2 protein chains.
Amino acid sequence: MSPVSRLPARALAPRRHDEILKRLSAQGSVSVAELAGFFDVSRETIRRDLKMLSDQSMLGIVHGGAARFEPSEPAMSLRSRENAEGKTMIGKAAAGLIKDGMVVFLDSGTTTLAVAHAMTDLRDLTVCTASLKIALHLCHVPGMRVHMLGGEIDPGEEAASGIDTLDAMARFRVDIAFLGGGALSPDGEVTDFTRAGAEQRGRMIALAGKAFFVLDASKFGKLTPLRVPNFERAAGVIVDVDPAPALAEALSRKGPKLIVANLM
Amino acid sequence: MSPVSRLPARALAPRRHDEILKRLSAQGSVSVAELAGFFDVSRETIRRDLKMLSDQSMLGIVHGGAARFEPSEPAMSLRSRENAEGKTMIGKAAAGLIKDGMVVFLDSGTTTLAVAHAMTDLRDLTVCTASLKIALHLCHVPGMRVHMLGGEIDPGEEAASGIDTLDAMARFRVDIAFLGGGALSPDGEVTDFTRAGAEQRGRMIALAGKAFFVLDASKFGKLTPLRVPNFERAAGVIVDVDPAPALAEALSRKGPKLIVANLM
DNA sequence: TGGTTCACTGCCACATATTGCAACATCAAT
DNA sequence: ATTGATGTTGCAATATGTGGCAGTGAACCA
């Protein structure tokens, strides 16, 4: 149904919607009473407006009005709460692969952050990461030397990326790397959202003695556009629940070992 | 725009939550009484708000209010509480020197972090910093491009330092730089605790179009071992209270202008 | 032109959510 | 241990949300 198809003399509804969205993007939230007063219409009308806009996912309705979906909330902090338990298990399994004295690379992402949190009992490690949160956390763990890779910060990942990051990475001799990924595609490969991300992970596989992907179940069978180069040379994929047999088989054909964290 | 200037007659719950989180990230903690007064609602309502945000792990509730989560960081978080008000004033004064479109360098330290917090209303800036916290904060401000300088992380400063950092710094063309320092010595010079810190600041003075030191009163008249090279070429020193006349005079003889933040 | 349709709106009644108040329990600091 | 401030809980008051219904006016058609 298109509200714009007809143009009555007083085309008030679309005008209200425009104004509502404008206010929303300026202030982050609007109240029904405030809008009803402004347009001089009843509260019910405003609520119907908000309902329509909400159906189009233009805003979220709250008691008393409406609010923008992501006012100023970092994407990361939302994602980090999803499947927190699974990520913790993966983190522990991953940390179990690390031996004292190693040089460890930690990719950006919420699952690798869980690995960092599970690493607090290890000693005498050199950690290399592009993630601000991982660096901030691990630098306070005694006996850990943290090297932050520089570069332009991607707000969504809260991590450095780009040419400077690739450049800095290349200087390290890494014993073990833990990498995130956008998806574990049905044909058993890790794929990514962006060219830069895929490239960075592919390079790290080549650079590190052993490279493990850490992926929670929400990534299974999804499809993202970029294949990670060198994927078949990765040492393993650490997950929190058993994937479908077909997926597990596809993965094993590629090479990397499947490690299911909840068996430990 | 001052956050205290507007008084929403009756705020929507999400609007309160936004403001609470904003204050929290700016000041580190909020009190129930202060918020109840600001929003003109009862303390119970504020407590319910804090409970909700706490359930979402957005903050921690303490007696009398709420505090930001800071898992484990002894050094920095203690220092940032010291003279928080003075640092906020310095931050505002410093931010006032920045024009939209500039390339800004922010040194590590608690006072420069206050500058970063005062920068949220500026737009179209490129910010370059070695501080993890500053990068993490500013990367979520719309219209800001943040470049993190890589290097080994100093846990006390929560910032990168060392040869890699100096190296990365040299690639930037910086319009304005805000630098911390260990002390403002009695003879009117900024001095530092470490060779690496002094060297890094000295280089930035040479590199930046204008370089300002930001120092709160606790640094006055102290003595630390390393002189900052090029200090006389710095544009100014921003402080929160008037220093002793002898100190002010010594400083003015060196060259940099003295800017006292509380006069603004 | 006149009649009909239909989207839009406002009003009403009732359901639900949020808030403030007051009484009581706790905490923190002498 | 006392005291003032803060946290908690139940309850009543108010504000807000929902669905039904009828009036309005524009659009459409004969």
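Note on naming: letters A, B, ... go to the chains in the order of the sequence lines (proteins, then strands), and numbering restarts at 1 for each one. In this text, all values refer to a predicted model and were calculated from it rather than measured experimentally.
- The interatomic distance linking B:E44 (CD) with C:dA22 (C1') rounds to 9 Å, in whole Å.
- Distance B:L12 CG to D:dA15 C1': 12 Å, rounded to the nearest Å.
- Electrostatic pairing of B:K51 and B:D55 counts as a salt bridge here, judged by a charged N lying under 4.0 Å from a carboxylate O.
- Of the candidate nucleotides D:dT18, C:dG20, C:dT9, C:dG20 has the atom lying nearest to any side-chain atom of B:T45.
- Separating the NE2 atom of A:H63 from the C1' atom of D:dT18 is a distance of 12 Å, rounded to the nearest angstrom.
- Contact detail for B:D107 and B:T112: the closest heavy-atom pair is O-OG1, 2.8 Å.
- The two residues B:M58 and B:L24 have their closest heavy-atom pair at O-CD2, 4.3 Å.
- Counting all heavy atoms, side chain and backbone alike, A:A183 lies closest to A:L223 at CB-N, 4.4 Å.
- Atom CZ of B:R47 and atom P of D:dA5 are 13 Å apart (whole Å).
- As rounded to whole Å, 13 Å separates atom P of D:dT16 from atom CD1 of A:I46.
- Taking atom CZ of A:R48 as the reference point, atom P of D:dT18 lies 11 Å away to the nearest angstrom.
- Rounded to whole Å, atom C1' of D:dT6 lies 13 Å from atom CD1 of B:I61.
- Atom pair A:R43:CZ and D:dG17:C1' shows a separation of 11 Å (rounding to whole Å applied).
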